[in-house]
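Quick notes on the structure that follows.
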2 protein chains.
Amino acid sequence: MCGMVEPTETGLPRAVTVAWGMQEVSQRGPNRGLSHERIVAAAIEIADAEGLAAVTMQAVATSLGFTTMSLYRYVSGKDELLRLMQDAAIAVPEQVTLPGDWRDALRSWAGLVRAAFRGHPWALEIPRGQVSVLMPSSVRAADLGLAALRELPLDDEEKVGVILVVSQHVTSTVELELNLADEGTVAVSREGLDLLGEVITPERFPHLAPVLQAGHFLDTRPAGDGVETEHGLDAEYDYGLDLIIAGLEQRVRDVSARVADDDA
Amino acid sequence: MCGMVEPTETGLPRAVTVAWGMQEVSQRGPNRGLSHERIVAAAIEIADAEGLAAVTMQAVATSLGFTTMSLYRYVSGKDELLRLMQDAAIAVPEQVTLPGDWRDALRSWAGLVRAAFRGHPWALEIPRGQVSVLMPSSVRAADLGLAALRELPLDDEEKVGVILVVSQHVTSTVELELNLADEGTVAVSREGLDLLGEVITPERFPHLAPVLQAGHFLDTRPAGDGVETEHGLDAEYDYGLDLIIAGLEQRVRDVSARVADDDA
DNA sequence: ACCTGAACACCGTTCAAGT
DNA sequence: ACCTGAACACCGTTCAAGT
């Protein structure tokens, strides 16, 4: 959560060197079979089952049959464990082949990233910064994202910008989905909505009040109406991705026009 | 962080009724001057100065000269306090007039939201779900966002989609900015980059490796090079917003064309 | 009605000690 | 080299008690 990252003697954060397998493993003396791989796997299992809050050093250790303090020989602290968990959780599958058309390719790349985070939504609660970007799964995802855009007449720097924007859209949508689910499907009842109508008046909120009244701002479907109202944000996800792709098409047209101009 | 939101007897989450001033305040008996307003203000002051992690019930209480437990008379728990803090922190200024052109209007609306979160970046660490959407500052922001789009020939539901996508772009960019700053400006040195080059090879990562080599994937500027290398993501912010707006322009053209078709 | 004191069941992390 | 036990300095929240 907090504070600077202390680099190793190599100049890289320890989580990065560990994840890439650059860390020398001391191997003399007794070995009771603990390792970061096992620790990370156990932690992920707990997070999947009970959420990230349930991942305490004690819970991880006891699930492996060791004491809490034994973990500190393999992991510098909880922060490093979280980073390693995140990296392991959001790995995109190997050996995927993307469609030829860049629009389809970008869409399926976004879908892969989305699926990865949806599979382990707690990974979103772990901050993603420069360190995350250097971790294997992030590097792999970036490489695949650039592959999706390889036919585009844009320079690499701009392509990096595109995959950043798209992945931010994907992750923030999944995050919102998760938050909505956490709060329960119906945070607001019919009578609650009426009460809100008294403070969210057309006078104070001229543009929003009608929308609220019409009902398609909030989900007021009662719980347990046959189908489990999944609160999926598929429509919003697709809509945003479509906007970005349409904007990108325009950008490509602009660039192509400029090249044609220069030729003339 | 966790779990369902328990609604009040009104059918609304308590944080919502408190924020809108719907909660009856018991006023008989002695009053030593504590209130949620004062508690929230004190908590925000701490968060601004020392980060959200420093906001403990004890820290807030002692900063006000009360014991920890006194807070529980005004606030149902830390969760509610956090929601109230978030709402108070990200309020968009009253009395703003947006430009007439919807592109400019949308851009300045996004700028207002961005400024609000940048002013209290810890607000991003507090989950935003359905409850947040019902809080005053969020309602106000949504109303203003719809105002920005009032000239657009799209239905309200789609406009809500647009402001959702834009605000997600804004918040995720600010969040990334924050995470980068937290990790310190230079997480990776020149020699660290060389070490990474040994695992991030052109064979394994054909598209990313050249980009990494070229250096415009990571910020490798040494710390203290005169100007404080702010790690601002202004370029990425603008680029994403431009893409969305360009996509929206296309969408408007499509809709207009369809209307013209129908007329013919 | 408002505030307090003591207690409960937790955290992550350190350090010296065992084998 | 690997693991343990005890301890430290914290959390949020409860409950009964004071005024």
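In what follows, chains are A, B, ... by sequence order, proteins preceding strands, each numbered from 1.
- Judged by closest nucleotide on DNA chain C, B:Gly65 is the one of B:Gly65 and A:Lys78 placed further toward the 5' end.
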- Item | Test side-chain hydrogen bond (donor to acceptor under 3.5 Å, both in side chains) applied to B:Ser76 and B:Glu80, step by step | CA-CA 6 Å; B:Ser76 72; B:Glu80 187 178 309; 2.6 Å; yes
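- As a whole-Å value, the separation of A:Asp79 CG from C:dT13 P is 8 Å.
- Taking every side-chain heavy atom of A:Thr68 into account, C:dT13 is the closest of D:dG12, C:dC3, C:dT13.
- For B:Leu82 and D:dG12, the CG to C1' distance is 12 Å, given to the nearest whole Å.
- Taking 4.0 angstrom as the limit, B:Gln58 places none of its side-chain polar atoms (N or O) nearer than this to OP1 or OP2 of D:dC10.
- Remark: P of D:dT4 and OH of A:Tyr74 are 10 Å apart, rounded to the nearest angstrom.
- Following rounding to the nearest Å, B:Leu71 (CG) and C:dA1 (P) show an atom-to-atom distance of 19 Å.
- Among the atoms of the strands shown, only primed sugar atoms or phosphate atoms (P, OP1, OP2) are found under 4.0 Å from some heavy atom of A:Thr56.
- As rounded to whole Å, 14 Å separates atom C1' of C:dC11 from atom CG of A:Leu52.
- The existence of a salt bridge linking B:Arg118 and B:Asp48 is excluded, since no basic side-chain nitrogen approaches an acidic carboxylate oxygen closer than 4.0 Å.
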- Task: List the steps, then state whether side-chain hydrogen bond (donor to acceptor under 3.5 Å, both in side chains) holds for B:Gln86 with B:Ser132.
- Result: CA-CA 8 Å; B:Gln86 183 184 57; B:Ser132 303; 3.2 Å; yes
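- Considering only side-chain N and O atoms, B:Tyr72 lies nowhere under 4.0 angstrom from the phosphate OP1 or OP2 of D:dG12.
- Within the 4.0 angstrom heavy-atom criterion, base atoms lie near B:Met69.
- The nearest heavy atom of DNA chain C to A:Gly77 and to B:Ser70 marks one nucleotide each, and the one closer to the 5' end goes with B:Ser70.
- Spacing between atom CZ of A:Phe66 and atom C1' of D:dA1 amounts to 14 Å, rounded to whole angstrom units.
- Under a 4.0 Å N-O distance rule, the pair B:Arg128/B:Asp87 does not qualify as a salt bridge.
- When Watson-Crick and G-U wobble pairs are counted only if both distances are under 3.5 Å, D:dG5 pairs with C:dC15.
- With hydrogens and angles disregarded, a donor-acceptor distance shorter than 3.5 Å links the side chain of B:Glu177 to the backbone of B:Leu233.
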